[in-house]
Amino acid sequence: MAYTLVATSSGLVSAAADGTQSAVSLPSGVTAVTGARLRGAVLNRIALLVNAFSASIFVDQNNVAFPAQLATPAVAPTLATSGTGYTGTVTAKVQFLIKDVFGNVIGASELSPASAALVCANQGIAYSNIAVSPNPAITARRIYRTATLGTSYFWDVDIDDNTTTTLTNSNADATLDITAVDSADFVAAPSGLDNVVAHGGRAWGRSKVNPDSLYGSALDDVTSWPIEIHTYPVGAERSGITGLGARRDDLVIFKRTSIQKLVGDSEDNYRILQIAEGKGCVAPDSVVVIRDTVYWLDSDGVWSLGAEDQPISLSDDTVRPWFTSADYFARGQFYNAFAQYDPRKHSYDLFFCATGSTTIDRWVSLDLLSGKWFGPHKTGAFTPSGSAVSSDSAGNPQLVVGASN
C-alpha cells in the first residue's frame with residue numbers, strides 16, 4: 001500500500017492512504033528542525049530525506065530510518081598469523097555496514113586505512129583491532145583483503161555485529177568475492193544536503209556546504225555519492241543552486257540568474273549545458289515537473305521550460321502585478337513559497353505569504369489546459385506548510401496539503 005513520509009515538529013510519520021499514521025523513529029542523535037520543509041528522493045526502494053532534520057537520513061521500505069553519513073573506520077585492522085591454512089602476502093581493510101532485517105546492505109561507510117602486509121606460510125590470518133563504531137545504527141563490519149601480493153581489495157568476510165574485534169580465518173584467494181572494490185563505490189552522502197531529486201537511476205543533490213556543486217549518487221544506490229560536478233560561475237552568488245527539476249532526458253539546474261542542465265548517462269559523459277542567462281529560480285520548492293515540462297517561480301512570476309529549452313513566462317500577459325508589485329504577496333518571502341501539481345484539476349498550485357506577513361495562507365492556481373490563473377485565494381482554516389501528490393485508498397493520485405499543526 002502506498003504511503004507518504006511526513007516531517008512533523010517532533011520527527012517523522014508514515015501516513016497511509018487510508019489515513020493510518022505511524023511514527024518512524026529517527027536515528028540516534030538526529031532531530032527535527034523546526035520550520036524546515038522536508039525534501040526527498042526515492043531510489044531502489046530507499047527514501048533519502050533532507051532539510052527537515054539535523055542530518056540527512058535514509059528510510060528503507062520497512063520504515064526503518066538510518067543516517068545518511070556514516071563515519072569511516074579510523075584505524076586499520078591488525079593482521080597476524082595463527083594456526084594453518086593460507087600461504088601468501090596480504091593486506092586488509094574494514095568497513096562499517098547497516099543491514100536490514102533480511103541481511104541486505106542498506107548503508108556502507110568508506111573503507112578504513114590498509115593494514116600492514118602479512119606474510120603467511122600455510123598459516124591462518126588472525127584479525128584484531130577491528131574497528132567498532134560508536135554509531136548505534138551500525139549492525140555489521142565487512143573485511144576486505146587482497147589476494148596474495150595483489151593491490152586490489154576483495155570482500156572476504158562479514159562480522160554481523162558491532163562488538164567483535166578479533167577474527168581468524170584461512171580463506172583461500174579463490175573464495176574471495178570475484179569483483180574488486182573501488183574506493184569510489186563507498187562515498188558518503190555530502191554533508192549539508194538540503195535539496196535532492198531522482199533522475200536517470202541516481203539521486204542528485206545540492207549541499208549548503210558547497211552550493212555551486214551538483215552531487216550525484218551511484219547508479220541505483222542512494223547510499224554512495226561518488227559524483228561532484230561544478231555549476232558555473234562558482235562563488236558568484238551566495239545561494240548557488242536554487243532548484244532542481246528532473247525531466248526524462250536531463251536534469252534542469254536553477255540558479256538565481258541562470259538556468260543550466262545536466263546531460264549524459266554515465267560518469268564518463270556527464271556535462272553541464274547553459275540554457276539561459278538572466279533568468280532563474282528564487283524558490284526551491286516552487287519547482288515542479290509536469291509531463292516533462294518544468295514550472296517554477298522567479299522574482300517576476302511563474303515560468304515554464306519545455307522540450308525547446310526556451311523559458312516562457314506564464315504570468316506576464318495576465319497577472320504580472322501579482323508577482324512584481326507589493327500589493328498581493330510578500331515578495332521578500334518568495335524563497336519560502338511552495339508549489340505542487342494537482343492531478344485532478346491539471347493545475348500548478350502555488351502558495352505564498354500575504355503582503356506584510358510571514359505566514360503562508362495565500363495561494364494561486366494556473367489551469368494548465370486553458371492557461372488561466374485563479375486567485376489569489378486565502379486559506380483560513382489552517383496554515384499550509386507543504387504539499388505533495390499522494391494516493392487515495394483506491395490508488396488514484398491526489399494533491400495533499402500539509403498544515404503547520
A.B. asks: State, yes or no, whether a side-chain contact exists between Ile98 and Val105 at a heavy-atom distance under 4.5 Å.
C.D. replies: no
A.B. asks: Verify whether one side chain among Thr164 and Asp161 offers a donor that lies under 3.5 Å from an acceptor in the other.
C.D. replies: yes
A.B. asks: So, does Arg37 use its side chain to make a donor-acceptor pair with the main chain of Ser385 at under 3.5 Å?
C.D. replies: yes
A.B. asks: Out of Asn171, Asp173, Thr91, which one pairs with Arg145 under the side chain to side chain donor-acceptor pair (under 3.5 Å) rule?
C.D. replies: Asp173
A.B. asks: Checking side-chain contact (heavy atoms from CB on, under 4.5 Å) for the pair Val181/Trp155: CA distance, chi angles, key distance, verdict?
C.D. replies: CA-CA 8 Å; Val181 297; Trp155 173 18; 5.5 Å; no
A.B. asks: Please say whether more than 12 non-hydrogen atoms of neighbouring residues, nucleotides or ligands are located less than 6.0 Å from CG in Leu369.
C.D. replies: yes
A.B. asks: Between Ser266 and Asp268 (side chain of the first, backbone of the second, donor and acceptor by atom type, cut-off under 3.5 Å), is there such a pair?
C.D. replies: yes
A.B. asks: Side chain to side chain donor-acceptor pair (under 3.5 Å) between Asp182 and Tyr153: does it pass, once the steps are laid out?
C.D. replies: CA-CA 8 Å; Asp182 187 327; Tyr153 288 83; over 6 Å; no
A.B. asks: Decide yes or no on side-chain contact (heavy atoms from CB on, under 4.5 Å) for Ile241 and Thr231, but give the supporting numbers first.
C.D. replies: CA-CA 8 Å; Ile241 295 171; Thr231 60; 3.8 Å; yes
A.B. asks: Under 3.5 Å, is there a donor-acceptor pair between the Thr359 and Asp361 side chains?
C.D. replies: no
A.B. asks: Between Thr139 and Lys99, is there a donor-acceptor pair closer than 3.5 Å when you use the side chain of the first and the backbone of the second?
C.D. replies: yes
A.B. asks: Mind listing the closest non-hydrogen atom pair of Pro113 and Lys93 along with its distance?
C.D. replies: O-CG, 3.8 Å
A.B. asks: Can you check whether Val64's main-chain N or O pairs, donor with acceptor, with Asp60's side chain at less than 3.5 Å?
C.D. replies: yes
A.B. asks: Are Leu297 and Val282 packed together at the side-chain level, in the sense that at least one heavy-atom pair is separated by less than 4.5 angstrom?
C.D. replies: yes
A.B. asks: First locate atom CZ of Arg291, then atom CZ of Arg248, and finally report the distance between them rounded to the nearest 0.5 Å.
C.D. replies: 14.5 Å
A.B. asks: Ignoring hydrogens and angles, tell me if any N or O in the side chain of Ser357 forms a donor-acceptor pair with the backbone of Ala354 under 3.5 Å.
C.D. replies: no
A.B. asks: Identify, with sequence neighbours excluded, every residue that meets ring-ring contact (aromatic ring centres under 6.0 Å, His included) alongside Phe96.
C.D. replies: none
A.B. asks: How about Tyr335 and Ser239: does a side-chain donor come under 3.5 Å of a side-chain acceptor?
C.D. replies: no
A.B. asks: Given 3.5 Å as the limit, does a donor-acceptor pair link the side chain of Ser115 with the main chain of Ala92, or not?
C.D. replies: yes
A.B. asks: Excluding sequence neighbours, so at least two apart, what forms ring-ring contact (aromatic ring centres under 6.0 Å, His included) with Tyr270?
C.D. replies: Trp204
A.B. asks: Please report the closest heavy-atom contact between Pro284 and Asn195, naming both atoms and the distance.
C.D. replies: CB-ND2, 4.0 Å
A.B. asks: Please check if the side chain of Thr20 supplies one atom and the backbone of Ala16 the other of a donor-acceptor pair under 3.5 Å.
C.D. replies: no
A.B. asks: Between Ser109 and Gln95, what is the shortest heavy-atom contact and its length?
C.D. replies: O-NE2, 2.9 Å
A.B. asks: Give a yes or no answer on whether the side chain of Asp342 reaches the backbone of Leu399 with a donor-acceptor pair at less than 3.5 Å.
C.D. replies: no
A.B. asks: As an exercise, state the distance from CD1 of Ile272 to NE2 of His230, rounded to the nearest 0.5 Å.
C.D. replies: 11.0 Å
A.B. asks: Less than 4.5 Å apart, side chain to side chain, heavy atoms only: is that true for Phe352 and Arg331?
C.D. replies: no
A.B. asks: Do Gln333 and Thr358 have side-chain N/O donor and acceptor atoms under 3.5 Å apart?
C.D. replies: no
A.B. asks: Between the main-chain N or O of Ala121 and the side-chain N or O of Gln123, is there a donor-acceptor pair closer than 3.5 Å?
C.D. replies: yes
A.B. asks: Determine, for Asp367 against Lys372, whether the closest basic-nitrogen to carboxylate-oxygen distance falls under 4.0 angstrom.
C.D. replies: no
A.B. asks: Does any donor atom in the side chain of Ser213 or Glu228 lie under 3.5 Å from an acceptor atom in the other side chain?
C.D. replies: yes
A.B. asks: Check the pair Val59, Leu5 against side-chain contact (heavy atoms from CB on, under 4.5 Å), reporting the backbone distance first and the verdict last.
C.D. replies: CA-CA 9 Å; Val59 179; Leu5 293 169; 4.2 Å; yes
A.B. asks: For the residue pair Trp363 / Thr379, report whether a side-chain donor-acceptor contact shorter than 3.5 Å exists.
C.D. replies: yes
A.B. asks: Does this structure show an ion pair linking Asp212 with Arg238, if we count only N-O contacts that are shorter than 4.0 Å?
C.D. replies: no
A.B. asks: How would you list, by chain and number, every residue that makes a ring-ring contact (aromatic ring centres under 6.0 Å, His included) with Tyr348, sequence neighbours excluded?
C.D. replies: Tyr295
A.B. asks: Indicate the atoms forming the closest heavy-atom contact of Pro233 with Lys255, along with that distance.
C.D. replies: O-NZ, 2.9 Å
A.B. asks: Ignoring hydrogens and angles, state whether a donor on the side chain of Asn62 or Asp100 is under 3.5 Å from an acceptor on the partner side chain.
C.D. replies: no
A.B. asks: Please identify each residue that fulfils salt bridge (Lys or Arg N to Asp or Glu O under 4.0 Å) with Asp249, with sequence neighbours left out.
C.D. replies: none
A.B. asks: Using side-chain heavy atoms (C-beta onward) and a distance below 4.5 Å, is Ser217 in contact with Ser224?
C.D. replies: no
A.B. asks: Closest heavy-atom contact between Ala32 and Phe53?
C.D. replies: CA-CD2, 3.8 Å
A.B. asks: Measure the shortest side-chain to side-chain distance between Ser112 and Pro77 over non-hydrogen atoms and say whether it is less than 4.5 angstrom.
C.D. replies: yes
A.B. asks: Judged by modelled atom types alone, do Asp177 and Tyr144 share a side-chain donor-acceptor pair under 3.5 Å?
C.D. replies: no
A.B. asks: If every non-hydrogen atom of Ile360 is compared with every non-hydrogen atom of Cys353, which pair is closest and at what distance?
C.D. replies: CG1-SG, 3.6 Å
A.B. asks: More than 12 heavy atoms of other residues, nucleotides or ligands under 6.0 Å from CZ of Arg142: is that the case?
C.D. replies: yes
A.B. asks: Going through the checks in order, is the side-chain contact (heavy atoms from CB on, under 4.5 Å) test met by Leu350 and Gln340?
C.D. replies: CA-CA 7 Å; Leu350 183 61; Gln340 196 50 262; over 6 Å; no
A.B. asks: Can you find a side-chain donor-acceptor pair between Thr84 and Asn122 that sits under 3.5 Å?
C.D. replies: no
A.B. asks: What pairs with Asp392 under salt bridge (Lys or Arg N to Asp or Glu O under 4.0 Å), at least two apart in sequence or on another chain?
C.D. replies: Arg344
A.B. asks: Less than 4.5 Å apart, side chain to side chain, heavy atoms only: is that true for Leu305 and Ile275?
C.D. replies: yes
A.B. asks: Assess the side chains of Ser347 and Asp349: does a donor N or O sit below 3.5 Å from an acceptor N or O?
C.D. replies: yes
A.B. asks: So, for Trp296 and Phe254, is the gap between ring centers shorter than 6.0 Å?
C.D. replies: yes
A.B. asks: Are the side chain of Thr72 and the backbone N or O of Ala74 linked by a donor-acceptor pair below 3.5 Å?
C.D. replies: no
A.B. asks: Measuring only between side-chain heavy atoms, which start at C-beta, is Asn336 closer than 4.5 Å to Asp285?
C.D. replies: no
A.B. asks: Just how far is it from atom CZ of Phe186 to atom OG1 of Thr223, taken to the nearest 0.5 Å?
C.D. replies: 8.5 Å
A.B. asks: May I ask you to test the Thr87-Cys120 pair for a side-chain heavy-atom distance under 4.5 Å?
C.D. replies: no
A.B. asks: Which of parallel (below 30°), tilted (30 to 60°) and perpendicular (above 60°) describes Phe334 and Phe323?
C.D. replies: perpendicular
A.B. asks: Of all residues at least two apart in sequence or in a different chain, which pass the ring-ring contact (aromatic ring centres under 6.0 Å, His included) check with Phe66?
C.D. replies: Phe58
A.B. asks: Quick one about Tyr215 and Asn210 (side-chain donor to acceptor, distance below 3.5 Å, no hydrogens or angles considered), yes or no?
C.D. replies: yes
